[in-house]
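Heads up: the structure comes next, in structure tokens.
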There are 2 protein chains.
Amino acid sequence: MRDLSRASGMSLAGLYYYFESKERLLYLIQKHTFATIVRQLKARLGGVTDTEERIRIFILNHLEYFLSNQAAMKVLSHEAEVLKNGFAADVAAIKREYYKICVGLLDDLKRERGLQFSTRLAVLSLFGMMNWIYTWHNPRIDADAASIAGEMGDFFLRGVMANGKSRKGANGKGTTSVVP
Amino acid sequence: MRDLSRASGMSLAGLYYYFESKERLLYLIQKHTFATIVRQLKARLGGVTDTEERIRIFILNHLEYFLSNQAAMKVLSHEAEVLKNGFAADVAAIKREYYKICVGLLDDLKRERGLQFSTRLAVLSLFGMMNWIYTWHNPRIDADAASIAGEMGDFFLRGVMANGKSRKGANGKGTTSVVP
DNA sequence: ATAGAATTCGAACGTTCGTTCGAAAGCAGT
DNA sequence: ACTGCTTTCGAACGAACGTTCGAATTCTAT
């Protein structure tokens with residue numbers, strides 16, 4: 001809170017005139033952030049019908065937001081689970097909606113192309129790939145969001161489309177999706 | 001430190017008899033953790049020559065360690081960058097060795113099969129997939145490390161082996177690997 | 001049994017943190 | 001100019017944190 005006070009130019013006590021507690025402020029930031037991502041995603045998906053293209057849009061939207069607000073996302077990733085029960089549920093609902101959109105996209109892909117893989121694992125692997133970027137992306141040596149999204153889209157879509165050979169004894173539990 | 005005192009049964013002051021500071025304790029834990037992962041990995045890779053199999057071993061080794069020490073890895077992921085310059089360099093060297101092993105495996109794959117992709121992005125995507133698991137893995141509904149490693153290996157290896165169609169304008173900068 | 005070293009601990013230190021409070025300052029409408 | 005509401009702030013409070021210190025306890029070797 002003292003950092004925010006310094007950065008905003010408002011006194012420490014002044015912050016508490018607008019935000020009743022540090023936790024509620026974090027809640028508002030998280031809610032605004034995830035709601036914005038979901039809103040932008042829906043806008044970009046509107047009208048696009050090709051599933052593969054929709055998945056690429058999902059990745060691009062996610063990476064663009066994460067790289068535009070890299071410092072903020074670093075904080076949000078670290079403070080992801082510190083909200084007390086009252087605040088947490090609300091944010092969790094938005095996160096879940098976002099997660100469900102991704103599940104829907106992958107289920108579409110599976111249905112359309114008769115694929116077989118665990119949607120849950122695929123979604124969480126994709127989120128892992130994308131979210132981890134805040135730990136390594138360096139604007140000086142790494143490409144921009146669009147390029148990275150393209151390459152990650154290649155990796156992920158090729159990885160999920162089963163045309164190569166498989167392993168011995170694949171597919172354990174959880175082909176249908178459960179809680180994130 | 002008070003949590004550690006309570007959990008270990010030793011008094012708060014007693015801890016400082018063995019560890020001169022909280023930061024040095026964290027440093028020792030990080031060093032031990034990453035050194036153990038690297039040691040186990042090298043032992044498992046010994047004798048295995050098939051590159052694809054070696055990559056699968058890398059993934060399995062990583063996931064097994066992360067899931068066996070899930071709580072610890074959650075802490076380590078969060079405290080990854082808090083070490084002051086003196087301590088940080090030492091741990092960074094081990095991390096870098098680990099990272100380099102993975103880069104080596106993927107470069108082998110690229111050479112053997114004439115593939116073209118950014119090693120850096122592939123490695124960091126793989127680390128993202130694997131590391132993110134500490135945020136979602138639930139022993140009650142998710143499979144064990146071996147199963148997940150198998151599926152992730154499928155995803156990743158298929159994704160990295162270019163046999164499907166590509167996009168318009170792929171491959172930006174960074175085909176050779178730089179700092180993680 | 002005893003000396004000396006190694007180990008353990010209660011109590012406190014200084015600092016940082018989230019938060020509160022009363023007073024001051026700014027602003028509106030009359 | 002005066003009233004009443006909104007906004008801002010310095011100063012402080014209590015709690016939590018990392019750390020220290022001197023005394024007490026335990027261990028080991030003679």
Side-chain angles (χ1 to χ4, degrees), chain A residues 1-37 65-66 69-96 131 134-135, chain B residues 1-37 65-66 69-96 131 134-135:
Chain A
M1 296 303 283
R2 280 168 175 82
D3 286 347
L4 295 181
S5 156
R6 200 176 313 115
S8 66
M10 167 155 288
S11 76
L12 181 58
L15 286 182
Y16 280 85
Y17 179 74
Y18 293 102
F19 307 104
E20 58 194 58
S21 73
K22 176 189 162 187
E23 195 183 9
R24 174 153 176 87
L25 174 54
L26 177 59
Y27 157 78
L28 290 171
I29 294 174
Q30 287 200 14
K31 191 169 163 180
H32 172 266
T33 299
F34 293 116
T36 301
I37 293 185
Y65 199 93
F66 263 52
N69 312 41
Q70 196 172 1
M73 299 318 293
K74 193 175 277 195
V75 172
L76 286 199
S77 296
H78 276 234
E79 312 279 284
E81 302 168 344
V82 304
L83 291 183
K84 302 255 185 291
N85 287 341
F87 294 130
D90 214 2
V91 175
I94 305 180
K95 282 195 197 173
R96 181 159 184 76
N131 290 342
Y134 82 83
T135 66
Chain B
M1 296 302 283
R2 279 167 176 85
D3 286 347
L4 295 181
S5 157
R6 200 177 313 115
S8 67
M10 166 155 289
S11 74
L12 183 57
L15 285 182
Y16 280 85
Y17 179 74
Y18 293 101
F19 307 104
E20 58 194 59
S21 72
K22 175 188 161 185
E23 194 183 10
R24 176 156 173 85
L25 175 54
L26 177 60
Y27 158 78
L28 289 171
I29 294 174
Q30 288 201 12
K31 190 170 165 179
H32 173 266
T33 299
F34 292 117
T36 302
I37 293 185
Y65 199 93
F66 262 53
N69 313 359
Q70 196 173 1
M73 299 317 293
K74 194 175 278 196
V75 173
L76 286 199
S77 295
H78 276 234
E79 313 280 283
E81 302 169 344
V82 304
L83 292 183
K84 301 252 185 293
N85 286 342
F87 294 130
D90 214 0
V91 174
I94 305 180
K95 282 194 197 173
R96 179 157 185 77
N131 289 343
Y134 82 83
T135 67

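Please read these numbers as outputs of a predicted model, since none were measured by experiment. Order of the sequence lines sets the chain letters (A, B, ...), proteins ahead of strands, with each chain counted from 1.
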Worksheet item: Which whole-number value in Å describes the distance from B:Leu12 CG to D:dT19 C1'?
Response: 8 Å
Worksheet item: Say you draw a straight line from CD1 of A:Ile37 to CG of A:Asn69; how long is it, rounded to the nearest 0.5 Å?
Response: 8.0 Å
Discussion item. If I take atom CZ in residue A:Arg24 and atom P in nucleotide C:dG18, what distance separates them, rounded to the nearest angstrom?
Written reply: 18 Å
Item to complete: Hey, which sits more toward the 5' end of DNA chain D by its nearest nucleotide, A:Arg2 or A:Tyr17?
Response: A:Tyr17
Worksheet item: Could you state the CG-P distance from A:Leu83 to C:dG18, rounded to the nearest angstrom?
Response: 14 Å
Discussion item. Can you tell me which nucleotide in C:dG18, D:dT8, C:dT8 comes closest to the side chain of B:Tyr18?
Written reply: C:dT8
Discussion item. Quick check for you: among D:dT20, C:dC9, C:dT19, whose closest atom lies nearest to any side-chain atom of A:Ser21?
Written reply: C:dT19
Worksheet entry | Student check: side-chain heavy atoms of B:Tyr18 and B:Met10 closer than 4.5 Å | yes
Fill in: Nearest-Å distance for atom pair CE/P, residues B:Met10 and D:dA24
19 Å
Worksheet item: What integer distance in Å separates A:Tyr16:OH from C:dG22:P?
Response: 18 Å
Fill in: Separation of D:dT20 C1' from B:Phe19 CZ (nearest whole Å)
18 Å
Practice prompt. Please determine, for the side chain of A:Ala13, which listed nucleotide (C:dG10, C:dC21, C:dG18) has the closest atom?
Written response: C:dC21
Practice prompt. Flag the pair A:Leu25 / A:Lys22 as yes when at least one side-chain heavy-atom distance between them is below 4.5 Å, and no otherwise.
Written response: no
Fill in: Interatomic distance where CG belongs to B:Leu25 and C1' belongs to D:dC17 [whole Å]
15 Å
Practice prompt. Could you please name the option among C:dT19, D:dG18, D:dT7 that lies closest to any side-chain atom of A:Lys22?
Written response: C:dT19
Item to complete: Nearest 0.5 Å please: distance from the CE atom of B:Met1 over to the CG atom of B:Leu15.
Response: 5.0 Å
Worksheet item: Between B:Leu4 (CG) and C:dT8 (C1'), how many Å, whole number?
Response: 17 Å
